[in-house]
Visitor: 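So that we are looking at the same thing, I have put the structure below in structure tokens.
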Protein chains: 2
Amino acid sequence: MSPRIGLDLDKVVEAAVEIVDNEGFGALTLAILAKKLNIRTPSLYNHIDGLPALKQKIAVFGLEKLFSVMEEASKGRTGDAAIMSVGIAYVNFVRSHPGLYEAGFKPADLDSEEQMAAGAKIVELSLKLLRSYGLNERDAFHAVRGLRSLLHGFASIEQGGGFAMDFDRDESLRFTLERYLAGLKSM
Amino acid sequence: MSPRIGLDLDKVVEAAVEIVDNEGFGALTLAILAKKLNIRTPSLYNHIDGLPALKQKIAVFGLEKLFSVMEEASKGRTGDAAIMSVGIAYVNFVRSHPGLYEAGFKPADLDSEEQMAAGAKIVELSLKLLRSYGLNERDAFHAVRGLRSLLHGFASIEQGGGFAMDFDRDESLRFTLERYLAGLKSM
DNA sequence: GCACAAAACTAATATCATTAGTTTATAATA
DNA sequence: TATTATAAACTAATGATATTAGTTTTGTGC
């Protein structure tokens with residue numbers, strides 16, 4: 001049923017993810033991807049529906065992987081310990097998979113139902129973790145947005161080289177999360 | 001000294017900024033820009049040194065404009081009031097100039113001295129605003145990173161359509177800033 | 001051993017940035 | 001006022017890109 005190479009969608013996406021993590025999300029081209037896979041560019045169309053669709057797949061893949069990492073980090077923990085653990089895991093995920101993470105935040109021009117669903121799972125997990133802070137429902141939603149803003153902002157500024165000063169970044173992350181959580185508890 | 005059209009670098013950048021704010025940073029091409037200016041693509045090279053250099057100029061322009069907006073919003077205010085005002089101004093700037101803002105956060109492959117300088121001014125302003133919280137120097141640096149993370153994260157998630165729920169976003173921003181500042185004060 | 005289908009291929013098109021070389025119009029000057 | 005120098009436009013050409021159309025090849029199932 002298959003002609004020459006043992007190539008399928010998963011392997012194509014896998015190779016694309018490697019490119020994206022090593023060279024940046026913007027560096028992903030079908031030409032480079034095809035070269036990496038030792039095929040000609042048009043042959044990629046046997047597996048994907050063009051570059052935008054591939055990027056969409058990577059986005060969903062990245063969001064799902066991020067969710068797994070966060071969920072894993074939250075296991076067996078509650079309250080501050082859970083949020084700190086998840087926050088650190090979040091940032092570490094971005095550090096090891098910068099392109100994959102970036103992909104998840106590109107608003108898809110395409111039908112992005114899968115992407116939104118993947119994002120929703122992350123929101124739900126955050127909401128669950130913040131439940132123990134005794135916030136009313138309205139505030140809990142605000143708090144989730146705050147936590148996401150904090151983590152995404154920190155991770156993407158760091159990734160863009162925006163933390164220029166020679167100053168421990170892990171410490172900054174812990175400090176910021178601690179202060180935010182302290183603020184939530186002081187309501 | 002000038003041949004046909006009253007075109008100069010400023011007008012080229014201005015037109016590029018319009019494209020970027022209306023269609024997104026990624027939508028900026030020399031072809032579209034040239035069409036907007038009623039010239040042929042290669043003529044742009046009389047004013048700019050290629051697309052990457054133009055993007056770099058836009059980035060610096062955006063960061064400087066953001067700084068102005070923040071500085072203006074801080075005038076005559078201190079403490080929480082100053083930070084809230086600046087934070088809201090920050091997010092509103094991104095809302096009205098999404099592409100321009102995005103440009104400022106693209107790490108320039110080029111010599112980015114100007115870009116870094118523009119970013120540094122924003123950091124210094126934030127540091128000044130946080131001075132009244134009585135933090136030691138070390139914590140003040142962490143706090144600046146936290147504030148930047150919060151604002152950048154909030155603004156860019158919002159811009160990407162990431163706050164899907166039908167829930168007041170300004171309220172979320174105020175809530176988050178208030179909680180973070182409360183946490184800083186509770187040290 | 002044969003046929004079918006998936007997956008590779010080549011060829012071609014359109015869009016993009018960029019470079020090289022040419023023309024033109026304005027501004028300074030003679 | 002006429003001339004010239006130059007900045008800023010132009011055309012032409014190149015190379016990279018994504019994409020489509022149509023062809024060939026190869027492995028699996030019959």
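Computed from a predicted model, the values in this text were never measured in an experiment. Residue numbering restarts at 1 for every chain, and letters A, B, ... go by the order of the sequence lines.
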Visitor: Roughly, in whole Å, what's the span from CG in B/Leu30 to P in D/dT17?
Guide: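 To the nearest whole Å, that distance equals 17 Å.
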
Visitor: In whole angstrom, what separates B/Leu44's CG from D/dA7's P?
Guide: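 About 18 Å, once rounded to whole Å.
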
Visitor: If you only use heavy atoms from C-beta on, which nucleotide in D/dA9, C/dT10, D/dA18 is closest to the side chain of A/Pro42?
Guide: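 The listed nucleotide nearest to A/Pro42's side chain is C/dT10.
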
Visitor: Evaluate whether atom CZ of A/Arg95 has more than 12 neighbouring non-hydrogen atoms of other residues, nucleotides or ligands under 6.0 angstrom away.
Guide: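 Yes.
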
Visitor: May I have the distance from B/Ile39 (atom CD1) to D/dA9 (atom P), rounded to whole angstrom?
Guide: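 Roughly 6 Å, once rounded to whole Å.
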
Visitor: Check this one for me: any side-chain N or O of B/His47 less than 4.0 Å away from OP1 or OP2 of D/dA9?
Guide: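 Answer is yes, contact under 4.0 Å.
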
Visitor: Check the distance between D/dA7's P and B/Ile48's CD1 and give it to me in whole angstrom.
Guide: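 Rounded to the whole Å, the gap is 18 Å.
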
Visitor: Taking the six-membered ring for Trp, are the ring centroids of A/Phe154 and A/Phe163 within less than 6.0 Å of each other?
Guide: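 So the answer is yes for these two rings.
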
Visitor: Heavy atoms under 4.0 Å, any strand shown: does B/Ser43 hit a base, just sugar-phosphate, or nothing?
Guide: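 The answer is base, as B/Ser43 lies within the cut-off (heavy atoms under 4.0 Å) of a base atom.
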
Visitor: If the cut-off is 4.0 Å, is A/Arg40 near the phosphate of C/dA8, judged by side-chain N/O to OP1 or OP2?
Guide: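 So the side chain of A/Arg40 is outside the cut-off, no N or O lying under 4.0 Å from OP1 or OP2 of C/dA8.
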
Visitor: What is the distance, to the nearest angstrom, from the CG atom on B/Leu54 to the C1' atom on C/dC16?
Guide: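 To the nearest whole Å, that distance equals 15 Å.
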
Visitor: Would a hydrophobic clustering, with Ile, Leu, Val, Met, Phe, Trp and Tyr connected at side-chain separations under 4.5 Å, put B/Met116 with B/Ile122?
Guide: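 Not linked; separate clusters.
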
Visitor: Decide whether a cation-pi geometry holds between A/Lys65 and A/Phe93; the criteria are a distance under 6.0 Å from NZ or CZ to the six-membered ring centre and an angle within 45° of the ring axis.
Guide: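 No; the conditions do not both hold, so A/Lys65 does not lie above the ring face of A/Phe93.
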
Visitor: Less than 3.5 Å between a donor and an acceptor, one on the side chain of B/Asn46 and one on the base of D/dA9, is that the case here?
Guide: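 Yes, the side chain and the base share a sub-3.5 Å donor-acceptor pair.
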
Visitor: Whole-Å distance between D/dT6 P and B/Asp8 CG?
Guide: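 So the two atoms are 21 Å apart, to the nearest Å.
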
Visitor: May I ask you to evaluate whether A/Tyr45 reaches the phosphate of D/dT19, defined as a side-chain N or O under 4.0 Å from OP1 or OP2?
Guide: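 True: A/Tyr45 side-chain N/O within range (under 4.0 Å) of D/dT19 OP1/OP2.
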
Visitor: Whole Å only: how far is the CG atom of A/Asp49 from the C1' atom of D/dT20?
Guide: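 Rounded to the whole Å, the gap is 13 Å.
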
Visitor: Please state how far atom CG in B/Leu28 lies from atom P in C/dC16, giving the value in whole angstrom units.
Guide: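 Distance check: B/Leu28 CG to C/dC16 P gives 12 Å.
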
Visitor: Using the ring of each side chain (for Trp, its six-membered ring), is B/Phe105 parallel, tilted or perpendicular to B/His152, with breaks at 30° and 60°?
Guide: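 Aromatic pair B/Phe105/B/His152 classed parallel.
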
